[in-house]
Novice: 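I'd like to ask some things about the structure below.
When a ligand or atom number is given, it counts from 1 through the structure's own listing order. Position 1 is the first residue of the sequence; numbering continues from there.
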Amino acid sequence: MSEKNKIVVIGSGPGGYAAAFRASDLGNDVTIIEKDTSLGGVCLNRGCIPSKTLLHISKIIDEAESVKKFGVTYSEPSIDMGKIQSWKNRVIKKLGGGIKLLAKQRNVNIVKGTASFISDKSIRVVNEKEEQTINFDKCIIATGSRPINLPFAEVDHENILDSTSALSLKEVPKSMLVVGGGYIGLEMATAYSSLGAKVDVVEFLPRLLPGADLDLVKVLEKTLQKKLNNINLNTKVTSIANLKNSVKVTMESEGKIFSSNYDKVLISVGRTPNTDNLSLENTGIKVTKNGFIEVDEYRRTNIDNIFAIGDVTGNPMLAHKATHEGKVAAEVCTNIPSAFEPQVIPAVIFTDPELAWAGKTEEELKAENIDYEKAEFPWQASGKAIAMDRTEGKTKILFEPESKRVIGVGIVGCNASDLIGEAALSIEMGCYSEDIALTIHPHPTLTETFSNTAEVMEKTITDLYIP
Ligand code: FAD
């Protein structure tokens, strides 16, 4: 039977506000504590939404350039970063206002301030004006994460940037180095290079985007090699000197040491959880050695009435994972049967081409010694991709050998972000290759590449000749 509780949610990101709204809809008395002036967390204010706003603009710039070869020529774009920033801020404000309104409609109480635990039943909240104590029956921690800094480089947000300051530049830098070849770094590199900056990327590992299938990453890398000035893999940054009118970066690769100067350097080497400011020691909540909160499938910590969701619980640090966890935690808090047990959490890199996957990657299956069969459909055979001149893409489906049940899907190509939803659904629904091959997909669309790939597995493909 459901029960009514006093629930406090710390943090108003996609995890926190989803948890709070679901908890309120289930009849609980809910308070969100948020230290920022605006609601929405990293995702809305300095993550997903601002980055995709910039990437949308960069996509239009690239598309305008790409139609030259079809006989349509625009003049060179003139970039007004001030206007771009105010457009981005309007988008954030609109969505932030939406969250505020949804909270008001539900009578969710919003308290502005930084929360820390006094005990497993009460929280101290401090803001510029006052300090107060809030008691709770249940608490959901959704405090998210922040960028990791390099020990030898102080982020001044002028010349040496983190992802937050990189999203707020008032001018397009002439040159930029992105330290880190993960998804945030590559998305920023894509956006600023389209806006006109000469961008280098340096990555310590021998490859970009660890976690994604290498054969898909290679397709992206090929395009990025043309778009960006330089991608230095297997290269370690050893020092970063802020010379005020430029930044001197020294790097080491295969024993060779070299230096370059950049207008801006973006440090994008990972994220760390916001658990250090919570006084968790007053509750006995267990954290991992990297500070992430340990939770079970109900998103419950080792303390019975305290839950944790989103980035603060570890990888994958993605907004949609946080939201889903938030709803589960709210339901469990209300004594409604619920658990966080997704088959897949899709991941998308919003570069150009985009890269997306759901379920197991080939590399994971190999590492876990799991047998699989694979079917691929090259976009050179897709009518829509040819019409768009975007044939570099590829769709790949991984199947359980005998049953041909889908266990993983990887897509590289334009609009992969929109295509991966169907893949996630097919895995959640336990689809077999035949289910997908026999589902009529609309023509001409990139969605056909998904059913075409299943047809390759079923050996019913007619858009390719496979002897
Ligand atoms: P957050 O969104 O981090 O929110 C936590 C909130 O808690 C913050 O508002 C913070 O102020 C507040 N808080 C922290 N400590 C306290 C305290 N002690 N007291 C009160 N309040 C506190 N994910 C995607 O899925 N897709 C994307 O395209 C994507 N792009 C991204 C691009 C960038 C540049 C970045 C940086 C991230 C991106 N992410 C993306 C990741 C996504 O933003 C996070 O996974 C998501 O925001 C996590 O949500 P959350 O609710 O766990 O926490």
Novice: Look at atom 46 (C) of ligand 1 and say which protein heavy atom is nearest, naming residue and atom and giving the distance to 0.1 Å.
Specialist: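 Looking only at protein heavy atoms, the one closest to atom 46 (C) of ligand 1 is Pro14 CG, 3.8 Å.
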Novice: Please write down residue, atom name and distance for the protein heavy atom closest to atom 29 (C) of ligand 1.
Specialist: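 Answer for atom 29 (C) of ligand 1: Cys48 SG, 3.3 Å.
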Novice: More than 12 heavy atoms of other residues, nucleotides or ligands under 6.0 Å from NZ of Lys198: yes or no?
Specialist: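 12 or below, so no.
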Novice: Just checking, any donor-acceptor pair under 3.5 angstrom between side chains of Ser86 and Asn89?
Specialist: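 Result is no, nothing qualifies.
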Novice: Quick check: Leu318 and ligand 1, any N/O pair under 3.5 Å apart?
Specialist: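 Indeed, backbone or side chain, Leu318 has an N or O that close.
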Novice: Given Met317, Glu325, Lys35, Arg271, identify the one with the heavy atom nearest to atom 21 (N) of ligand 1.
Specialist: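 Nearest option to atom 21 (N) of ligand 1, by heavy atoms: Lys35.
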Novice: Which side-chain N or O atoms in residues 166-183 pair as donor and acceptor under 3.5 Å with protein atoms at least two apart or in another chain?
Specialist:
residue	atom	partner	partner atom	Å
Ser168	OG	Lys88	NZ	3.4
Ser175	OG	Asp263	N	2.9

Novice: Among protein heavy atoms, which lies nearest atom 17 (C) of ligand 1, and at what distance?
Specialist: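 Result for atom 17 (C) of ligand 1: Ala115 N, 3.7 Å.
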Novice: Between the side chains of Asp156 and Asn242, does any donor sit under 3.5 Å from an acceptor?
Specialist: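 Yes.
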Novice: Does atom CD of Gln132 have more than 12 heavy-atom neighbours, drawn from other residues, nucleotides or ligands, at distances under 6.0 Å?
Specialist: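 Yes, CD of Gln132 has more than 12 neighbouring heavy atoms, counting only those of other groups under 6.0 Å.
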Novice: Once you restrict to heavy atoms under 4.0 Å, what part of Ile184 touches ligand 1? Side chain, backbone, both or neither.
Specialist: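 Looking at Ile184 and ligand 1, just side chain atoms fall under 4.0 Å.
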Novice: Starting from atom 32 (C) of ligand 1, locate the nearest protein heavy atom and write down its residue, its atom name and how far away it is, to 0.1 Å.
Specialist: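 In this structure, atom 32 (C) of ligand 1 has Gly47 C, 3.4 Å as its nearest protein heavy atom.
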Novice: Pull out every atom of ligand 1 sitting under 4.0 Å from any heavy atom of Thr114, numbered as shown with elements.
Specialist: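 Within the 4.0 Å cut-off of Thr114, ligand 1 contributes 18 (N), 19 (N).
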Novice: For Ala23, is there any backbone N or O sitting under 3.5 Å from a side-chain donor or acceptor partner on Asn28?
Specialist: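 Here the side-chain-to-backbone pair exists.
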Novice: What protein heavy atom sits nearest atom 47 (O) of ligand 1, and how far away is it?
Specialist: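 Ranking protein heavy atoms by distance from atom 47 (O) of ligand 1, first comes Cys43 N, 3.2 Å.
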Novice: Any non-hydrogen atom of Val312 lying under 4.0 Å from ligand 1?
Specialist: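 No, that is not the case, since the closest heavy atom of the residue is not under 4.0 Å from the ligand.
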Novice: For residues Lys321 and Thr313, is any side-chain donor paired with an opposing acceptor at under 3.5 Å?
Specialist: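 Yes, a side-chain donor-acceptor pair sits under 3.5 Å.
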Novice: When you measure from atom 44 (C) of ligand 1 to each heavy atom in Leu55, Val42, Asp311, which option holds the nearest one?
Specialist: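 Nearest option to atom 44 (C) of ligand 1, by heavy atoms: Asp311.
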Novice: Which residue and atom name correspond to the protein heavy atom nearest atom 30 (N) of ligand 1, and how close is it?
Specialist: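 Closest protein heavy atom to atom 30 (N) of ligand 1: Lys52 NZ, 3.2 Å.
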Novice: With a cut-off of 4.0 Å, which atoms of ligand 1 are near a heavy atom of Gly15?
Specialist: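 Numbered from 1, ligand 1 contributes 51 (O).
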Novice: For Lys6 and Thr31, does a side-chain donor sit closer than 3.5 Å to a side-chain acceptor?
Specialist: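 No - no donor-acceptor pair under 3.5 Å links their side chains.
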Novice: Look at atom 14 (C) of ligand 1 and say which protein heavy atom is nearest, naming residue and atom and giving the distance to 0.1 Å.
Specialist: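 Looking at atom 14 (C) of ligand 1, the protein heavy atom closest to it is Thr143 O, 3.3 Å.
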Novice: For Arg46, state whether at least one heavy atom is located under 4.0 Å from any atom of ligand 1.
Specialist: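 Distance cut 4.0 Å: Arg46 passes for ligand 1.
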Novice: Would Tyr183 count as a contact of ligand 1 if the rule is a heavy atom under 4.0 Å away?
Specialist: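 Yes; Tyr183 lies near enough to ligand 1 that a heavy-atom distance drops under 4.0 Å.
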Novice: What residue and heavy atom of the protein are closest to atom 11 (O) of ligand 1, and at what distance?
Specialist: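 Closest protein heavy atom to atom 11 (O) of ligand 1: Glu34 OE2, 2.6 Å.
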Novice: As a check for students: among Ala19, Gly113, Gly11, identify the option with a heavy atom nearest to atom 20 (C) of ligand 1.
Specialist: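 Nearest heavy atom to atom 20 (C) of ligand 1 lies in Gly113.
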Novice: Would you mind running through ligand 1 and noting each atom that sits below 4.0 Å from a heavy atom of Gly41?
Specialist: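 Here the atoms of ligand 1 in question are 2 (O), 4 (O), 8 (C), 9 (O).
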Novice: If you count every heavy atom of other residues, nucleotides or ligands that lies below 6.0 Å from His157 atom NE2, does the total exceed 12?
Specialist: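 More than 12 within 6.0 Å, yes.
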